Amino acid sequence: MITKSVPARCGTRTFATAVGYITRQHHERERTDVGRSFQDGVDYATAPEKAAWVHLRGVSCLETAWLEMEATAALSSRCRDPVYHLIVAYAKHEHPTRAQMVSDAERLLKALGMGENQYVFAAHMDTDDLHAHVIANRIGPGGRANDLWHERIIRERVSAEIAAERGWDIVVGRHNRDIVQRVAQLHELPSAPERRLGDGEYRRLHDRGELPWQEVARPHVLDAIDRATDWSDLRRRLAAHGVVVKLVERGGRIQGLAFAEGHDRNAPGCGASRIADRCKLRALEARFGAFPPHDERGHVQRRDGIDGKRAERGVSGPDDVQLRHARQAQRQRQRPWNPGALRTCAPGEAARDPEWALRRAEGIAEHAKLRAQYRNYREAFFATRSVQSAARREDAWQRERAQRRLEAQRRWEAKHLLRAAVRVTMRGIVRQVAYWVINSIDDRRRAQEWTTARTRWEATKVVFAAEWRVERPMTYREFALAGVAAGDRASERVASQLLGVAVGSRQAPSRSEPPAASTQERNTQPQPQRSMSIAELRTRLAQIGEEISDLREVARIRRGKLERVTIPPNLEKVLAAEREALAERIARETDFTDAERRHLIELRKRQRSWNPIARSGAKSEEQRILENREKRGNAALGTAQEQFETDRVPEIKRGIEALERPYREYVHASLDLEDQMRNASETLRRALPKISDSLEVLERAGVLSLESVSPASDLKDIGRAVQAAYRSLPEKTANAIERDIRREQRELERIRDRSRGMDFDR
């Protein structure tokens, strides 16, 4: 449920315009007149081709509603815009009754301070969504005008309260987030909807390099659209900038196009209309034809992943298998500290040296311990660097802003000093020319200072970026060598056995970072109690996915086996039908007898006699027979109704309740199974691919295992651990890895398209 108030545009401020607007047939031509007068508004809202029904308050009839509103508005001489046009719209799945719609409108008007004012309410069903127009009078019966203070805020909050009371979806606004938090039982306020940037805010964000995604991507998207010749060429040009084009679907209907950095729903992006009007689906289809079905399938398959590779695993072409083997070999390539597989060298080494296995195991354990210490070092380094860089950037921006304010203050003082001198010494047209010259000089000075400040801040950002690139952590090799330089025995063994560095060389690290902590300090660090490798986590996620799929299949089978129960009849309708049948039966039983009918026929003949006394007597006799029949019927009907209410009504209620009980059980069981299926599908479609994508990023970032997880951990624990590790990665590193993943996916799609083309040629 959403609401909107239509302000008066300009021109006539009469109720006649508003009434006429909502009753005219040509809506598009007359829509700019809304809010001008009561007549146009009421005419549009109550038009027969639009209005399903009309409700009035404070006016006698629809034909004179605008006149009565004009008369009431004349009580206030200060209010120049007495027409208040309110639109209340409901979603497709919201089906309010007539009483609820009127109650919603009156509740909104009462919250706005117009609880006693006149209004005309018209419900419209001429569009896909049910909506209603309310033409209200801002002037109350006492002649006091409502000022509409915080009108938009009040509408947002009242609409949210109504939706929460009826179990509808709440449209999140900037002023009803506390209601959404209370209804949805969230731990924190939901994010506020985006709003358009003002000129000043746009300039500030541009100077700080923090513009929204659509502002940064707009030139690249517009350049690709202007140069493209078809849909494939457009996708290729957008892919060069890491942007994809996809369809937006809601409720099974195509809403338009969207541009984003990936097919993931959480990927940064925006609708096509936010870029430009020529980017909309209708404009592009007019140039390139219908949107390719391939893109629609790709959007459905890849919308929940970073690159959609898991949705494409079912494809088994020769090029796909070759590329998959190449990527697997790349992941399993030999590392510098892993000279060969243990399975091949263990027999020979054990034959030559019986204690080789023990020393090898000790070296591997020390290597794992040193890797854990290196991971802690990297997390601490990135956390400290992020805080320090953010603080330095904020300090630099504060200094820049202070300098800009000082320059603006000096420019303002100089301008006003010159204007004061001109005001004292000059008169007439000469003074106006001098003012114009001063304003021109001030504009040129402002432009020069703006260019200088912008260049200065861009240079500062370049310095920050250079410092960010220079300040990077030690590699694992350098970390181990730093431990060797500090005299750590574990680092020496790792360097000698796994890294191939001579222990006696004491090779120092190539960076200026402080050496690693001593052995005693490392031993005092808390060691994790549980850990799992990335491969084990993938195995566990696959097992969880199979379990959830089995649960969903079981729920689907159980729901299919449920015995359908028909909807029981409505108690009120059954009782109304029984009472109507009872009244008809009593009317037949207490009808005139044959003798009374013959007597009535005789009396009607007497009423046509020439004698007035005979006619009067016949009429009186006929009236007496009719009254006797009515009394007899009423008495019999009263007795029958009393007996019906005493005997039949409880029996009917018990019968309907007996029918409602199994129906309620069937509905509850069906809804529970549907919830289980929906939750399982949501987990398989969103949660698992998201965790798998994060694991892919962590694996490429060099993370070998995760702490605080075990083979018995559920999906929530694994998700929390993976997200914590993912957030600990530097933002630039994560973005670079994701770009590599997208690039590989594009290569995979290019190979697949080439293979399909070859198959077609053959």
Side-chain angles (χ1 to χ4, degrees), residues 2 4 6 9 26-34 87 89 91-92 124 126-129 131 171 193-199 201-202 205-206 211-308 739 742 745-746 749-750 753:
I2 58 174
K4 177 183 177 182
V6 183
R9 300 299 195 269
H26 303 290
H27 179 203
E28 296 297 332
R29 182 176 59 83
E30 303 290 344
R31 64 183 306 171
T32 56
D33 295 336
V34 60
I87 300 176
K92 294 180 177 60
H124 283 199
D126 58 328
T127 60
D128 294 339
D129 301 328
H131 64 282
V171 180
E194 295 184 1
R195 60 181 180 183
R196 295 187 180 273
L197 300 177
D199 294 339
E201 187 176 1
Y202 180 89
L205 292 178
H206 184 272
L211 281 177
W213 187 89
Q214 61 268 18
E215 300 295 338
V216 178
R218 179 176 287 112
H220 307 296
V221 175
L222 293 179
D223 180 71
I225 289 176
D226 295 338
R227 294 172 179 265
T229 57
D230 53 12
W231 287 108
S232 59
D233 187 23
L234 176 61
R235 290 198 301 271
R236 181 180 58 80
R237 294 180 181 275
L238 292 176
H241 303 286
V243 181
V244 300
V245 57
K246 54 188 179 181
L247 287 176
V248 179
E249 300 181 12
R250 295 189 182 93
R253 298 177 59 186
I254 297 177
Q255 302 293 333
L257 283 182
F259 299 95
E261 288 188 0
H263 291 280
D264 185 8
R265 277 188 164 178
N266 298 324
C270 66
S273 60
R274 300 287 295 273
I275 300 293
D277 289 340
R278 64 177 184 271
C279 302
K280 294 182 179 180
L281 178 62
R282 183 181 303 174
L284 293 181
E285 285 185 341
R287 290 179 54 191
F288 306 145
F291 194 82
H294 171 71
D295 284 0
E296 297 179 7
R297 293 194 298 271
H299 167 61
V300 174
Q301 293 173 354
R302 299 192 297 268
R303 62 184 178 184
D304 295 316
I306 293 177
D307 58 354
R739 284 195 296 270
R742 289 195 294 269
Q745 177 61 28
R746 289 194 294 270
E749 292 180 356
R750 190 175 296 109
D753 294 339

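Here the structure is a predicted model, which means the values were calculated and not measured.
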Atom [atom1] in [X], atom [atom2] in [Y]: separation rounded to 0.5 Å?
| X | Y | atom1 | atom2 | value |
| --- | --- | --- | --- | --- |
| Glu261 | His241 | CD | NE2 | 12.5 Å |
| Arg746 | Arg235 | CZ | CZ | 13.0 Å |
| Leu284 | Arg278 | CG | CZ | 10.0 Å |
| Ile225 | Leu238 | CD1 | CG | 6.5 Å |
| Arg218 | Cys279 | CZ | SG | 8.5 Å |
| Arg742 | Arg739 | CZ | CZ | 7.0 Å |

Testing the basics here: between [X] and [Y], what is the closest heavy-atom pair and its distance to 0.1 Å?
| X | Y | answer |
| --- | --- | --- |
| Ile275 | Gln214 | CD1-O, 3.9 Å |
| Val248 | Ala258 | CG2-CB, 3.4 Å |
| Ala228 | Asp233 | CA-OD2, 3.3 Å |
| Trp231 | Leu257 | CH2-CD1, 4.0 Å |
| Ser232 | Asp230 | OG-OD1, 3.2 Å |
| Lys280 | Ser273 | CE-CB, 3.8 Å |

*asked:* Please evaluate residues Glu285 and Arg282 with respect to the criterion salt bridge (charged side-chain N to carboxylate O under 4.0 Å, His left out), reporting the C-alpha separation (whole Å), side-chain torsions for both, the decisive distance (0.1 Å), and the verdict.
replied: CA-CA 5 Å; Glu285 285 185 341; Arg282 183 181 303 174; over 6 Å; no

*In terms of side-chain geometry, is the basic nitrogen of Asp223 or Arg237 positioned less than 4.0 Å from the acidic oxygen of its partner?*
no

